Amino acid sequence: MRQGMFLAATVCAFGLGAACSSTDVQQGGGGNGGHGGSGGQGGGGPAMSLLADGLVSNDCAPNDGPWLVFTLGTASTCGEAAGPEPQIHFAIYPGNTSMLAAGQSWTFDAAMPTNEVQAWWYANGVGGNSDVPKSASVEVLSVGSDTAQVKYSFVTPNGASHAGQMDVSICTSIPMCG
């Protein structure tokens with residue numbers, strides 16, 4: 001009897017440890033403009049949200065043209081590297097922060113990739129490996145002088161859904177490409 005209880009407790013502890021080590025376990029506090037998010041793992045459950053911080057910046061595309069990059073889910077600031085938080089990156093070509101406008105939206109589909117919109121999921125922050133999400137979208141809801149409000153959604157390679165909205169810093173510096 002005692003051995004059976006020990007075995008059951010061990011199996012339960014192992015199961016909890018495996019569940020918590022998933023690369024898709026998220027930090028809360030994202031979505032809905034930073035008013036809290038909901039939990040869930042893909043499969044029709046509620047979408048999880050990222051940390052409600054991010055930025056949009058100018059960058060150089062692989063062809064050295066102008067690339068608009070959204071980095072969502074990290075507390076980094078303009079001129080500072082993205083942090084260790086789980087985050088999604090969207091790159092739009094051609095693009096520039098001076099062209100941001102409410103109503104713009106972009107969609108990425110891993111089954112039909114294009115050079116115009118690309119996305120990367122960093123479950124362990126930029127210090128970890130990146131994965132290509134199954135699908136992803138970002139929409140500009142409003143644009144101010146130094147922030148924009150965006151709505152995002154994406155599905156990780158293993159099917160976990162993420163969605164939310166946040167205010168992001170607009171980083172207007174333009175890098176030297178070419």
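Since the model is a prediction, treat every value here as computed from it, not as a measurement.
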Where at least one partner belongs to residues 68-104, residue pairs that pass disulfide bond (SG atoms under 2.5 Å apart), sequence neighbours excluded: Cys78-Cys171
Summary of disulfide bond (SG atoms under 2.5 Å apart) pairs that have at least one residue in residues 92-158, sequence neighbours excluded: none
Of all residues at least two apart in sequence or in a different chain, which pass the side-chain hydrogen bond (donor to acceptor under 3.5 Å, both in side chains) check with [X]?
{"X": "Thr71", "answer": "none"}
{"X": "Ser137", "answer": "Ser153"}
{"X": "Asn96", "answer": "Ser98"}
{"X": "Ser76", "answer": "none"}

Straight-line distance of Thr97 OG1 to Leu55 CG, nearest 0.5 Å: 11.0 Å
Separation of Ser57 OG from Ile170 CD1 (nearest 0.5 Å): 11.0 Å
Considering residues at least two apart in sequence or located in another chain, which fulfil the side-chain contact (heavy atoms from CB on, under 4.5 Å) criterion with [X]?
{"X": "Val155", "value": "Lys134, Ser135, Ser161"}
{"X": "Ala136", "value": "Phe90, Phe108, Ala119, Pro133, Phe154"}
{"X": "Ala75", "value": "Leu51, Asp53, Glu85"}

Side chains of Leu141 and Gln165 in contact at under 4.5 Å (non-hydrogen atoms): yes
Salt bridge (Lys or Arg N to Asp or Glu O under 4.0 Å) contacts in which one or both residues fall within [range], not counting sequence neighbours:
{"range": "residues 148-159", "result": "Glu139-Lys151"}
{"range": "residues 110-130", "result": "none"}
{"range": "residues 57-84", "result": "none"}

For His89, the option from Trp121, Trp67, Tyr122 that meets ring pair (Phe, Tyr, Trp, His ring centres under 6.0 Å): Tyr122
Ser49 vs Tyr152, side-chain contact (heavy atoms from CB on, under 4.5 Å): CA-CA, chis, key distance, verdict: CA-CA 9 Å; Ser49 59; Tyr152 67 90; 3.7 Å; yes
Intermediate values then yes/no, side-chain contact (heavy atoms from CB on, under 4.5 Å), Leu72 and Val138: CA-CA 10 Å; Leu72 307 177; Val138 63; 4.2 Å; yes
Intermediate values then yes/no, side-chain contact (heavy atoms from CB on, under 4.5 Å), Tyr93 and Leu68: CA-CA 7 Å; Tyr93 176 82; Leu68 179 67; over 6 Å; no
Minimum-distance pair of heavy atoms, taken over all atoms of Thr107 and Val117: O-CG1, 3.7 Å
Nearest atoms (heavy-atom pairs only) where Gln87 meets Ala82: OE1-CB, 3.1 Å
Val56 reachable from Val69 in the ILVMFWY side-chain graph, under 4.5 Å edges: no
Hydrophobic cluster membership, Ile174 vs Phe70, 4.5 Å side-chain cutoff: no
Exceeds 12 heavy-atom contacts within 6.0 angstrom, atom CG of Asn129: no
side-chain contact (heavy atoms from CB on, under 4.5 Å) assessment of Ile88 paired with Leu50: CA-CA 9 Å; Ile88 183 93; Leu50 298 173; 3.9 Å; yes
